[in-house]
Amino acid sequence: MSIIVSNISKSFKKVKALQNISFDVNEGELFGLIGPDGAGKTTLFRVLTTLLIANEGAATVAGFDVLTEYKKIRDNVGYMPGKFSLYQDLTIEENLDFFATIFGTTIEENYDLIKDIYVQIAPFKDRRAGELSGGMKQKLALCCALIHKPKVLFLDEPTTGVDPVSRKEFWDMLKRLQQKGITILVSTPYMDEAALCDRIALIQDGKILEIDTPEAIVKHYPKQIYNVRANNMYQLINSLNDYKYNHSVYPFGEFVHYSDSRIDFNPEELKTYLESKKLLNIEIEKTQATIEDTFMELAK
Amino acid sequence: MNTNKVIQVEGLTKMFGDFAAVNAITFDVEKGEIFGFLGANGAGKTTAMKMLIGISNPTSGKANVAGFDVFKNAEAIKKSIGYMSQKFALYDDLTVKENISFFGGIYGLSRKRIKKKSEILIEELGLEDVANKLVGSLPLGWKQKLSFSVSLLHDPKIVFLDEPTGGVDPITRRQFWEMIYKAAHQGTTVFVTTHYMDEAEYCDRVSIMVNGKIEALDTPKKLKEQFKVDHMNDVFLKLARG
């Protein structure tokens with residue numbers, strides 16, 4: 001096991017940021033913490049990277065205890081916080097050199113690990129970090145977190161606010177790092193990124209809702225979901241919300257995901273109801289649950 | 001001008017030195033439409049939006065927003081639109097009620113109207129219990145919904161939303177979109193940027209900016225047909241990757 005978390009709780013005054021959190025991450029695994037802002041993701045990262053002490057519970061990272069062996073953990077993990085935390089007044093190269101030196105290594109020694117990423121920002125190596133675009137900052141931060149060849153990499157919302165193209169590139173980079181044997185714990189509020197992880201934990205309000213592979217999690221969804229479409233989205237949502245047999249009604253792109261509270265649900269009946277609400281071009285067809293459906297069902 | 005078109009843009013350009021951040025973009029937005037304004041980071045969306053809301057002068061081109069010319073009448077535009085961004089929305093150190101009064105005042109609403117609007121809004125959002133609490137103490141999702149309502153306080157013709165749902169949980173994100181649908185249904189035009197491609201599908205029409213230019217503009221359905229893909233995400237990847 002690369003990370004073992006046992007019954008960790010952490011409160012800030014009245015706010016219970018983490019409530020009895022337990023999970024394990026295997027060596028070489030890409031594990032995702034999926035949840036919205038305020039779920040407790042950052043607090044958990046700070047506990048595991050020894051920057052914060054939990055009120056209760058225990059945790060080990062790379063075999064070391066977060067309380068008694070915190071110095072060893074710091075040598076063995078890389079941490080990319082959600083907020084850009086490099087030195088704005090130093091250039092790309094100076095930042096990287098600085099972090100290498102702190103960890104008693106050099107850029108050359110571990111260049112192999114960061115090469116793929118660093119070549120993309122190397123043309124700007126003399127530019128100050130404060131003057132870089134979001135995507136370049138993100139790449140530099142990842143290089144700095146990797147320069148001492150950590151066993152475990154912690155990435156706190158690396159793709160928040162990043163466009164879909166850069167997000168895809170970032171996940172491709174993570175997959176390559178995973179192939180080099182690095183264990184990765186990554187958090188994200190984007191549910192579509194969950195599918196890219198080996199296993200995920202869905203987290204909300206300081207509690208873990210479920211832990212499993214993305215495929216298994218969607219299979220656990222308790223209902224049949226239907227894609228419903230009609231000529232007017234706003235009226236469709238209102239009508240479905242008013243329908244007394246609904247179990248869930250959530251807009252999903254061009255459709256509304258609908259599930260019914262009855263066991264013997266007949267889509268034709270729903271169609272008749274929607275027609276009575278003056279909706280046109282009604283389509284109702286079965287579809288698969290997504291991670292987001294599962295998350296919303298569990299968070300209800 | 002065509003009265004159904006609340007935004008008309010023709011060859012709008014913004015230069016920073018030799019660099020064309022926005023390069024001759026042309027498009028229209030109709031009354032009551034939900035218009036998605038997409039693009040990669042750095043494609044020029046924010047710069048374009050700043051010109052449309054009257055806080056940045058275009059280098060060249062034409063733009064008419066809510067019936068006013070962006071060159072001659074930027075101040076009038078500001079009064080006719082609402083704006084909400086993820087970064088700045090409300091004052092954390094003011095209570096819910098204080099924020100509403102403050103923004104109502106800024107938009108020039110009478111005290112009586114502010115009081116009435118405030119009551120309606122707090123009831124609609126179910127914020128009765130926290131009306132006198134500091135906004136900073138509210139969960140992000142509540143703040144975003146309140147912030148959207150505040151941007152509509154003065155019944156603007158158009159509301160500009162800059163990544164309004166970033167980081168918000170999926171249920172609240174959908175409630176937020178239901179509010180957007182409602183506003184559009186009541187005739188308010190919604191101009192929205194987002195990085196969630198499922199949200200792009202909620203829009204009536206979507207434009208995608210690449211390197212300062214609008215490279216695609218149509219309904220999500222037609223864009224998917226045009227690029228022969230099943231999801232807007234793939235449309236975006238195809239375009240922005242070139």
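It should be emphasised that the depicted structure is a prediction, and the values quoted were computed from it without experimental measurement. Order of the sequence lines fixes the chain letters, A, B, ..., with proteins taken first and strands second; residue numbering starts at 1 for each chain.
A donor-acceptor pair shorter than 3.5 Å can be found between the side chains of A:Y258 and A:D260. Inspection of the A:S239 and A:D242 side chains reveals no N or O donor paired with an N or O acceptor under 3.5 Å. When only modelled atom types and interatomic distance are considered, A:H247 and A:E297 share a side-chain donor-acceptor pair under 3.5 Å. For the residue pair B:Q175/B:K145, the side-chain donor-acceptor check at 3.5 Å is satisfied.
Interface remark: B:P139 contributes no atoms to any contact with chain A (heavy atom separation under 4.5 Å). There is no contact between A:D192 and chain B, counting heavy-atom distances below 4.5 Å. Residue A:V15: no heavy atom, backbone or side chain, is found under 4.5 Å from chain B. Only the side chain of A:F295 comes within contact range of chain B, with heavy atoms under 4.5 Å apart. With a 4.5 Å cut-off on non-hydrogen atoms, B:I171 touches chain A through its backbone and its side chain both.
For the atom pair A:L240 CG and A:K277 NZ, the distance stands at 10.5 Å (nearest 0.5 Å).
The backbone N or O of B:V168 sits nowhere less than 3.5 Å from a side-chain atom of B:Q144 that would complete a donor-acceptor pair.
You'll find the side chain of B:E199 reaches within 4.5 Å of the side chain of B:R173, heavy atoms only. Counting only heavy atoms from C-beta outward, the side chains of A:S259 and A:Y221 approach each other to under 4.5 Å.
When the heavy atoms of residues 38-48 of chain B are compared with those of chain A, the residues falling under 4.5 Å are B:G39, B:A40, B:N41, listed by number. Heavy-atom proximity under 4.5 angstrom to chain A picks out B:Y181, B:K182, B:H185 from residues 180-191 of chain B.
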